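Residue numbering restarts at 1 for every chain, and letters A, B, ... go by the order of the sequence lines. None of these values were measured; they are calculated from a predicted model.
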Amino acid sequence: MGTEVISASDSGISRALLEWYEANHRDLPWRRNPEPYRVWVSEIMLQQTRVDTVIPYFERFLDRFPTLSDLAAASEDEVLTLWSGLGYYRRARSLLAGAKTVIEHHAGVFPRDYEAALEIPGVGPYTAAAILSVAYGEPWPVLDGNVERVLTRILRLADNPRTAATKKYLKEIAGGWMPRGKASSFNQAMMELGALICVPVSPNCAACPIHDACAAAEHGDPENFPKLPPRRKTVAVELEAGIIRRGKRYLLERNEDLDYLEGLWSFPLARPDSGGIAARLRKRLATSIEEGAELEAIRHSITFRRLTLRPRILGAGSFSTRAKPSFRWGRADELGNVLPVSSLCLKIADRLS
DNA sequence: GTCCAGCTCC
DNA sequence: GGAGCTGGAC
């Protein structure tokens with residue numbers, strides 16, 4: 001890896017990029033009033049999640065928790081409920097823990113210091129740089145997936161961009177191009193370029209403000225970058241969901257035994273290879289369970305697992321959920337509104353209406 | 001239907 | 001190094 005790459009035209013790249021950004025950037029809710037708390041919430045929600053998906057969640061979250069103090073005082077279940085369907089629920093737990101940390105250790109103000117920011121739960125190198133640059137104008141270059149793609153294409157860099165050495169190198173490049181006093185708009189411009197123009201498939205090089213400086217565009221192979229390592233192969237997982245209804249309410253269970261969706265409510269789930277949902281509930285509820293109709297299967301992916309979930313109507317003898325805190329009754333309209341759930345649970349509920 | 005992007009933490 | 005979730009692209 002060289003260190004003198006594209007130094008002569010740096011100022012040209014920055015100027016063209018910033019001009020493009022001023023004229024073309026999207027009007028997003030968190031950009032209107034980029035105070036640290038709002039930027040923080042947006043950055044956490046935007047991790048692994050598309051802008052269009054985040055916008056309604058962001059609005060609803062800020063309506064309910066307008067300030068850091070409001071959030072810090074909330075229960076984890078309420079935060080998770082507002083997160084229901086957004087995925088990666090650890091982000092919600094970390095955000096709440098982080099809000100409490102900022103109240104307790106930083107007088108309620110997100111720290112301006114990079115190392116201090118990294119101490120906050122859920123805040124890693126990317127998020128720290130994003131918040132400090134966008135909210136405070138501190139000159140930390142961001143390296144997210146968009147910037148990684150833009151830079152590896154400009155440099156036509158075939159190295160694995162996920163290694164520590166390459167990330168360090170790419171951040172040095174971005175930092176070197178960052179104009180003094182323009183950290184916020186420069187970082188956002190790099191990410192916006194990746195999101196709107198320098199997209200993974202069929203990038204719009206003709207519309208790119210810096211295509212003259214791009215080695216991959218010149219070579220005609222931008223889609224070959226970044227070169228990422230192969231992903232883990234997917235595995236098929238079979239699941240059964242048990243649907244037990246009492247009037248308008250359904251039996252729900254907090255996920256505990258799954259390796260995912262932990263702590264969220266769901267229709268009771270079980271692996272058929274461990275006896276299935278009827279056997280599980282017979283044992284957990286100590287009552288008789290009879291199997292009814294099986295509903296259409298639901299497909300849902302969680303990282304490398306491809307779930308095929310078969311909802312089954314069950315009839316149950318008498319039992320009580322008292323003294324069984326992992327079970328409760330809930331109406332379908334409470335899922336995601338009062339009770340924290342995943343979108344898998346919402347898909348099951350959709351089958352019932 | 002299948003593939004894919006994406007940041008933090010353990 | 002690998003796992004966590006979802007929805008949009010193809």
Reckon [X] touches a base, only the sugar-phosphate, or nothing at all at heavy-atom distances under 4.0 Å?
| X | answer |
| --- | --- |
| R305(A) | sugar-phosphate |
| Q47(A) | sugar-phosphate |
| R149(A) | sugar-phosphate |
| L261(A) | sugar-phosphate |
| S342(A) | sugar-phosphate |

Exercise. First and last nucleotide of DNA chain B touching chain A, 5' to 3', heavy-atom cut-off 4.0 Å?
Worked result: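 Here the contact window of chain A covers dT2(B) to dC9(B).
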Rounded to whole Å, how long is the line connecting atom [atom1] of [X] with atom [atom2] of [N]?
| X | N | atom1 | atom2 | answer |
| --- | --- | --- | --- | --- |
| R231(A) | dG2(C) | CZ | C1' | 13 Å |
| N255(A) | dC5(C) | CG | C1' | 13 Å |
| Y88(A) | dG7(C) | OH | P | 12 Å |

For this session: With sequence neighbours left out, write down each residue that passes ring pair (Phe, Tyr, Trp, His ring centres under 6.0 Å) with F267(A), or none if nothing qualifies.
Result: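 F267(A): ring pair (Phe, Tyr, Trp, His ring centres under 6.0 Å) contacts with Y250(A).
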Exercise. Between R91(A) and Q48(A), do the side chains contain an N or O donor and an N or O acceptor separated by less than 3.5 Å?
Worked result: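 Result is no, nothing qualifies.
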Exercise. Should M45(A) and L95(A) be marked as a side-chain contact (heavy atoms from CB on, under 4.5 Å) after you check the CA-CA gap, both sets of side-chain angles, and the distance that decides it?
Worked result: CA-CA 10 Å; M45(A) 287 188 171; L95(A) 182 58; 5.9 Å; no
For this session: Among the candidates dC5(C), dG8(C), dA3(C), find the nucleotide nearest to the side-chain atoms of F304(A).
Result: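 The closest nucleotide is dA3(C).
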Problem set entry | Proximity of W329(A) and F319(A) rings by center, below 6.0 Å |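 That pair passes the under 6.0 Å test.
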Exercise. Does a nitrogen or oxygen in the side chain of T303(A) sit under 4.0 Å from OP1 or OP2 of dG4(C)?
Worked result: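 Yes, T303(A) has a side-chain N/O under 4.0 Å of OP1/OP2 on dG4(C).
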Exercise. OP1 or OP2 of dG7(C) less than 4.0 angstrom from a side-chain nitrogen or oxygen of S343(A), does that happen here?
Worked result: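 Yes, because at least one side-chain N or O of S343(A) sits under 4.0 Å from OP1 or OP2 of dG7(C).
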Problem set entry | Residues touching DNA chain B, which here means a heavy atom under 4.0 Å, drawn from residues 133-148 of chain A |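 Heavy-atom contacts with DNA chain B come from D144(A), G145(A), N146(A).
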